[in-house]
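Comments concern the structure below.
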Amino acid sequence: MSRKKKKKSILKSRFYQVYFALVLLALLAIAIGTVWLNGVLRDYESAQPVYVAEDVAKLFEDSDFDALYALDTSAQQVSEGDKAFYVDSMNDIVAGKEVAWTESFSSEADERKYNVTVGGERFATFTLVHSGEKTPKGNPLWTLGSVTTNVVIQKPEPTPEPTPTPEPEKALYPCRITAPQGYTVTVDGVALNAENAGMTERNLFEDGFLPENVNNPVMVDYQYNAESESPAVAVTDDMGAPIEAQKSQDRELTWTCSLRGNENYHMQYGDAAYKLGQQVAKYISKDAKKTKIMKACAKDSPAAEIFKNLDNEFATPHSRVSFRNEKTLDFFVLSDQCFTCRVCFDYVLNTSKGEMVYPTDYTFCVIRGEDGAKLYNILIS
């Protein structure tokens with residue numbers, strides 16, 4: 001009678017011993033990897049600026065103007081240092097109205113900008129900046145940069161006592177102030193608006209000068225009758241920061257305030273813009289080749305079309321050229337890919353009859369792409 005052969009356990013098989021060991025190692029690696037990845041994601045999520053923004057926005061949603069008074073950069077200006085007046089006035093403004101907030105565009109990579117509206121009207125702006133600290137995984141943390149309310153509140157004037165003789169009418173002095181849309185303009189402490197001043201809006205640049213996907217900045221001309229022969233004019237930008245208004249030398253009681261220029265762009269592109277201005281002037285005077293100026297233009301741009309059709313065959317004969325009184329200014333950032341700037345100089349041609357000096361003023365529209373900054377359009381003044 002044959003003996004039945006006993007089956008060998010798979011646990012004693014070298015193959016299955018190795019197989020189960022590898023399976024256990026794989027499961028252990030997956031578990032460790034999952035724990036590590038969850039930690040990385042939680043660390044990244046904890047560093048998002050939206051959580052800090054929500055804490056700041058909650059101060060507006062809760063009408064906590066007692067806390068906002070210490071943070072508001074314009075609090076001293078609008079309340080003259082009277083905290084109680086500030087808190088009461090702000091509560092009156094927001095009473096019964098919906099408070100909302102949204103993120104806005106900021107040209108700075110290490111800054112986040114948010115707008116707060118009350119009843120659909122612009123009310124305040126706050127920014128977040130890097131705090132200098134980082135999470136355990138190295139993600140930068142955010143902190144409050146600034147809070148600026150965009151309202152003007154004035155203490156009520158005391159009721160004057162009646163007098164038997166009426167005061168003579170005060171003389172009025174018409175004045176005109178031009179400032180970008182969104183800036184706050186005051187004359188002798190009075191904030192100008194559609195109710196107390198004439199307002200005319202116009203685009204900063206002519207139609208077609210900017211790419212279609214870039215908003216044309218709007219300038220507002222205010223006409224206001226001041227009660228003073230020498231009124232005090234003050235302008236603050238959309239962040240509540242003061243900006244100087246230039247008084248006209250040709251027209252009395254006329255001021256102009258331009259957009260705030262971007263100093264970082266000025267430093268980065270100033271030299272290149274001036275060299276481009278030189279090349280344009282030299283091409284017009286037939287001292288530079290068309291290929292070089294065309295290389296600086298964006299493909300199929302208005303600037304490329306201008307230089308393609310420009311006839312410089314009638315340039316004044318001269319022996320050499322030079323530049324004087326050079327300056328670059330007005331670097332306005334209009335989007336992540338577009339900015340404008342001005343280049344000014346005196347262009348001097350040495351001719352057989354002596355020097356011929358041409359005051360030159362170029363406004364450039366520049367777009368940035370994968371191939372660097374290129375000239376999109378040009379305005380020659």
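The analysis underlying the following values was restricted to heavy atoms, covering all of them including side chains, and did not include hydrogens, waters or symmetry mates.
Here D371 does not pair with K299 in a salt bridge; the nearest charged N to carboxylate O distance is not below 4.0 Å. By the 4.0 Å N-to-carboxylate-O rule, R324 lies close enough to E355 to be salt-bridged with it. Between K286 and D311 there is no salt bridge, since no side-chain N of the basic residue sits under 4.0 Å from a carboxylate O of the acidic one.
For the residue pair S146 / T73, no side-chain donor-acceptor distance below 3.5 Å is found, with atom types taken as modelled. Residues Y274 and E326 have side chains that bring a donor and an acceptor to within less than 3.5 angstrom of each other. Using modelled atom types, one finds a donor on one side chain and an acceptor on the other under 3.5 Å when comparing S74 with T149. Judged purely by distance below 3.5 Å, without hydrogens or angles, the side chains of S285 and D287 pair a donor atom with an acceptor atom. Between the side chains of N264 and Q268, no donor-acceptor pair is found at a separation under 3.5 Å.
A donor-acceptor pair under 3.5 Å is absent between the side-chain atoms of T148 and the main chain of G240, judged by distance alone. For the pair D237 (side chain) and M239 (backbone), a donor-acceptor distance under 3.5 Å is present. Judged by distance alone, with hydrogens and angles left aside, the side-chain atoms of D361 form no donor-acceptor pair with the main-chain N or O of S381 at under 3.5 Å. The backbone N or O of Y222 lies less than 3.5 Å from no partner atom in the side chain of R176, so there is not a single donor-acceptor pair. Side chain of N377 to backbone of G208: a donor-acceptor contact under 3.5 angstrom is found. With hydrogens and angles ignored, the 3.5 Å screen pairs no side-chain donor or acceptor of N203 with any backbone N or O of E206. D92 contributes no side-chain N or O that, together with a main-chain N or O of A95, makes up a donor-acceptor pair within less than 3.5 Å.
Looking at V187 and W255, their side chains never come closer than 4.5 Å, going by heavy atoms from C-beta outward. Between P49 and T143 the shortest side-chain heavy-atom distance does not fall below 4.5 Å. Counting heavy atoms from C-beta outward, V190 and Y224 have side chains that approach closer than 4.5 Å. Contact check for V348 versus R320: no side-chain heavy atoms found under the 4.5 Å cut-off. Residues L192 and Q223 fail the side-chain proximity criterion, which asks for heavy atoms closer than 4.5 Å. Side-chain contact between V99 and K97: absent, with no pair of heavy atoms (C-beta onward) separated by less than 4.5 Å. No side-chain heavy atom of E108 sits less than 4.5 Å from a side-chain heavy atom of V129. For the pair K292/K295, no side-chain contact is recorded, criterion being any heavy-atom separation below 4.5 Å from C-beta on.
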- Residue pair I378, F209: steps toward the side chain to side chain contact (heavy atoms under 4.5 Å, CB included) verdict: CA-CA 8 Å; I378 179 174; F209 182 72; 5.6 Å; no
- Go through the steps to decide whether Q279 and Y283 satisfy the test side-chain hydrogen bond (donor to acceptor under 3.5 Å, both in side chains), and finish with yes or no. CA-CA 6 Å; Q279 288 298 318; Y283 177 68; over 6 Å; no
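Here the closest heavy-atom approach between residue C344 and residue L329 is recorded as SG-CD2, 3.9 Å. Nearest heavy atoms, D188 versus A226: OD2-CB, 4.5 Å.
V94 and V147 fall within a single hydrophobic cluster, where Ile, Leu, Val, Met, Phe, Trp and Tyr side chains are chained together by heavy-atom contacts under 4.5 Å.
Between Y269 and Y265, the ring planes are tilted. Angles from 30° to 60° get that label.
For an aromatic pair to be called close, the ring centres must be under 6.0 Å apart, and F332 with F339 fails this.
Contacts of F126 classified as ring-ring contact (aromatic ring centres under 6.0 Å, His included), with partners at least two apart in sequence or in another chain: Y114. Taking the ring-ring contact (aromatic ring centres under 6.0 Å, His included) definition, one finds that F331 meets it with H266, sequence neighbours left out.
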